[in-house]
Enquirer: 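The structure is given below, and queries will be raised subsequently.
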Amino acid sequence: MRILITGGTGLIGRALIDLLLPEGHEIIVLSRNPARVTLPAGVQVAGWDARSAQGWAHLAEGADAIVNLAGESIAGAGAIPARWTAARKRRILESRLNATRAVVEAIDQARAKPKVLVQGSAVGYYGGRVDDVALDEDAAPGDDFLAEVAVQWEAASAPVEAMGVRRALARTGLVLSATGGSLPPTLLPFKLFLGGPLGHGLQWWPWIHIRDEVRALVFLITEPRAAGPFNLTAPNPVTNRAFARVLGKVMRRPSLLPAPAFLLRLALGEMADLLLKGQRALPKRLLELGFEFEYPHLEGALRDLLGR
Ligand SMILES: NC(=O)c1ccc[n+]([C@@H]2O[C@H](COP(=O)([O-])OP(=O)(O)OC[C@H]3O[C@@H](n4cnc5c(N)ncnc54)[C@H](OP(=O)(O)O)[C@@H]3O)[C@@H](O)[C@H]2O)c1
């Protein structure tokens, strides 16, 4: 297959490439800085401005799939999460809308349309919550900032359906990886014997092992029945308190010291919601279509990622 990946230089994109490349697929990554990108040999890197189809639209011609992941980092690029200033919030939203509109424009211009658009999204769609309600793909959207971003990001990709292109929405949960994302910073307090729940710890964390995340993206590419929204989350989400307990067990460290919510709010402002709230999201539609998780339980996922 010929597969175009926007934001393919990020955490998920790189893991997706690692899965697809050995299978002999042709991979093209769209990056804003193609000259500085280091990706495995065999991957084609093309430049784009992430806001228009100019200069790269021909690459969409006859592609088997486009996977649209590009967007300003939600937590910030550094090791410590960056506060959501008004300017960052604008970049988080607009970068996703602009990139998606550019993808739609390229698909519109293609005479031979790509077969499928796998559109990035997030379980933040359902809003940050502190309840126990199980959320499948039929659940209503939330009304906080990240919900607003996900709703608009998904909607921006909708026009491709009228162009005859299958569209699958990847509502991704908290991706667990040893090389980036939220897990590595979570390990530090545990290493220092200071680990524990964040706030009261009753918020649900809809985690997914990076390998299942990218296997699910490939499933959405190849499964002809896969259209509409899909929760990309493990079938056994846990509360943050349970997450801390399992992580402590795997790391052989205590996990009882809670990080006070007010301190997290003081340090991170509104962004603390990302840690103190969550969603009990379930991958109902992936399971219905027969997707099998390699890491359905947190302990197995963490043991694999941490080599313990
Ligand atoms: N990781 C998670 O836990 C998670 C959970 C839910 C949803 N998601 C979503 O899934 C997508 C991929 O996640 P990821 O963790 O792989 O993200 P990531 O590591 O931050 O990578 C995203 C890529 O998007 C491009 N990008 C960054 N800022 C941009 C901007 N202002 N305008 C256009 N492109 C920009 C970058 O590529 P270039 O610099 O090469 O252009 C970057 O490599 C993201 O949109 C993210 O919101 C991730």
Side-chain angles (χ1 to χ4, degrees), residues 4-19 28-39 43-52 56 67-79 81-82 84 87-103 118-126 128 145-150 152-154 156-157 169-186 205-214 216-217 220 229-234 237 271 274-275 278-279 281 283 301 305:
L4 217 65
I5 310 174
T6 80
T9 54
L11 179 73
I12 297 173
R14 284 176 188 271
L16 181 60
I17 291 167
D18 288 345
L19 185 63
I28 307 168
V29 163
L30 289 182
S31 170
R32 294 162 304 158
N33 299 299
R36 277 197 271 138
V37 168
T38 50
L39 285 173
V43 176
Q44 196 183 322
V45 183
W48 76 330
D49 62 3
R51 52 181 62 245
S52 80
W56 66 272
V67 182
N68 183 30
L69 300 173
E72 178 86 13
S73 170
I74 304 284
W84 287 341
R88 280 206 66 226
K89 280 170 117 174
R90 210 169 35 247
R91 281 203 304 276
I92 286 170
L93 176 64
E94 287 180 2
S95 61
R96 284 172 175 75
L97 299 187
N98 289 336
T100 305
R101 287 185 196 123
V103 167
V118 176
Q119 165 68 20
S121 184
V123 288
Y125 174 93
Y126 305 109
F145 169 61
L146 287 183
E148 193 63 24
V149 170
Q152 291 195 44
W153 195 16
E154 290 185 4
S157 67
L169 304 164
R171 288 186 187 153
T172 293
L174 196 70
V175 176
L176 300 184
S177 158
T179 58
S182 55
L183 184 61
T186 310
W205 270 18
W207 63 277
I208 183 168
H209 188 296
I210 181 80
R211 181 161 164 83
D212 279 333
E213 166 72 16
V214 296
L217 290 174
L220 297 181
F230 288 84
N231 290 343
L232 270 58
T233 58
M271 222 211 77
L274 208 55
L275 305 173
Q279 304 81 14
L305 291 167

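All ligand and atom numbering here is 1-based and tracks the order in the structure. For the numbers below, each heavy atom of this structure counts, side chains included, while hydrogens, waters and symmetry mates do not.
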Enquirer: So which atom in Arg51 and which in Asp49 form the shortest heavy-atom distance, rounded to 0.1 Å?
Expert: N-OD1, 2.9 Å
Enquirer: May I ask you to identify the nearest protein heavy atom to atom 43 (O) of ligand 1, giving residue, atom name and distance to one decimal place in Å?
Expert: Thr9 OG1, 2.7 Å
Enquirer: Using heavy atoms and a threshold below 4.0 Å, how should the contact between Arg96 and ligand 1 be classified: side chain, backbone, both, or neither?
Expert: side chain
Enquirer: Is a side-chain N or O of Asn33 found less than 3.5 angstrom from the main chain of Ala35, in a donor-acceptor match?
Expert: no
Enquirer: Could you list the atoms of ligand 1 found under 4.0 angstrom from a heavy atom of Leu69?
Expert: 11 (C), 12 (C), 44 (C), 45 (O)
Enquirer: Which of the atoms in ligand 1, numbered in the order shown and given with their element, are less than 4.0 Å from a heavy-atom of Ser95?
Expert: 30 (C), 31 (N), 32 (N)
Enquirer: Looking at Arg88, I'd like to know if its CZ atom is crowded, meaning that more than 12 non-hydrogen atoms belonging to other residues, nucleotides or ligands lie closer than 6.0 Å.
Expert: yes
Enquirer: For ligand 1 and Ser73, I'd like to know whether there is a polar contact (N/O to N/O, distance under 3.5 Å).
Expert: no
Enquirer: Would you mind listing which atoms of ligand 1 come within a distance below 4.0 Å of any non-hydrogen atom of Gly10?
Expert: 16 (O), 18 (P), 19 (O), 21 (O), 43 (O)
Enquirer: Under 4.0 Å, counting heavy atoms only: does Trp153 come that close to any atom of ligand 1?
Expert: yes
Enquirer: State which residue, out of Leu69, Val43, Val67, fulfils the side chain to side chain contact (heavy atoms under 4.5 Å, CB included) condition with Val29.
Expert: Val43
Enquirer: If I compare all heavy atoms of Ser182 with all of Val175, which pair ends up nearest, and what's the gap?
Expert: OG-O, 3.9 Å
Enquirer: Atoms of ligand 1 less than 4.0 Å from Ala122 heavy atoms?
Expert: 6 (C), 7 (C)
Enquirer: Verify whether one side chain among Trp207 and Thr233 offers a donor that lies under 3.5 Å from an acceptor in the other.
Expert: no
Enquirer: Quick check against the 3.5 Å criterion: does Trp48 have a side-chain atom that pairs as donor or acceptor with the backbone of Ala102?
Expert: no
Enquirer: Should you measure from each heavy atom of Ala50, which atoms of ligand 1 turn up under 4.0 Å away?
Expert: 33 (C)
Enquirer: What protein heavy atom sits nearest atom 19 (O) of ligand 1, and how far away is it?
Expert: Leu11 N, 2.9 Å
Enquirer: Considering heavy atoms of the protein only, find what lies nearest to atom 31 (N) of ligand 1 and give residue, atom and distance to 0.1 Å.
Expert: Glu72 OE1, 3.0 Å
Enquirer: Quick one: does Gly173 get a heavy atom under 4.0 Å from ligand 1?
Expert: yes
Enquirer: What do you reckon, does Glu213 put a non-hydrogen atom under 4.0 Å from ligand 1?
Expert: no
Enquirer: Cut-off 3.5 Å, side chains only: do Ser157 and Asn68 have a donor facing an acceptor?
Expert: no
Enquirer: Roughly how far, to the nearest 0.5 Å, is CG of Leu217 from CG of Leu16?
Expert: 5.5 Å
Enquirer: At less than 4.0 angstrom from any non-hydrogen atom of Thr172, what atoms of ligand 1 do you find?
Expert: 5 (C), 6 (C), 7 (C)
Enquirer: Relative to the heavy atoms of Ser121, which atoms of ligand 1 are at a distance of less than 4.0 Å?
Expert: 7 (C)
Enquirer: Check for a donor-acceptor pair, side chain of Arg14 on one end and backbone N or O of Thr9 on the other, with a separation under 3.5 Å.
Expert: yes
Enquirer: Ignoring hydrogens and geometry, is there a side-chain-to-backbone donor-acceptor pair from Ser95 to Glu72 under 3.5 Å?
Expert: yes
Enquirer: Number the atoms of ligand 1 from 1 as they appear, then name those within less than 4.0 Å of a heavy atom of Ser31, with their elements.
Expert: 38 (P), 40 (O), 41 (O)
Enquirer: Among protein heavy atoms, which lies nearest atom 24 (O) of ligand 1, and at what distance?
Expert: Gly71 N, 3.3 Å
Enquirer: Between Asn98 (side chain) and Arg101 (backbone), is there a donor-acceptor pair under 3.5 Å?
Expert: no
Enquirer: Any idea which of Arg171, Glu94, Arg32, Arg36 brings a heavy atom closest to atom 39 (O) of ligand 1?
Expert: Arg32
Enquirer: Among all protein heavy atoms, pick the one closest to atom 2 (C) of ligand 1 and tell me residue, atom and distance.
Expert: Val175 CG2, 3.6 Å
Enquirer: Name the closest protein heavy atom to atom 10 (O) of ligand 1, giving the residue it belongs to and the distance to 0.1 Å.
Expert: Ile12 CD1, 3.8 Å
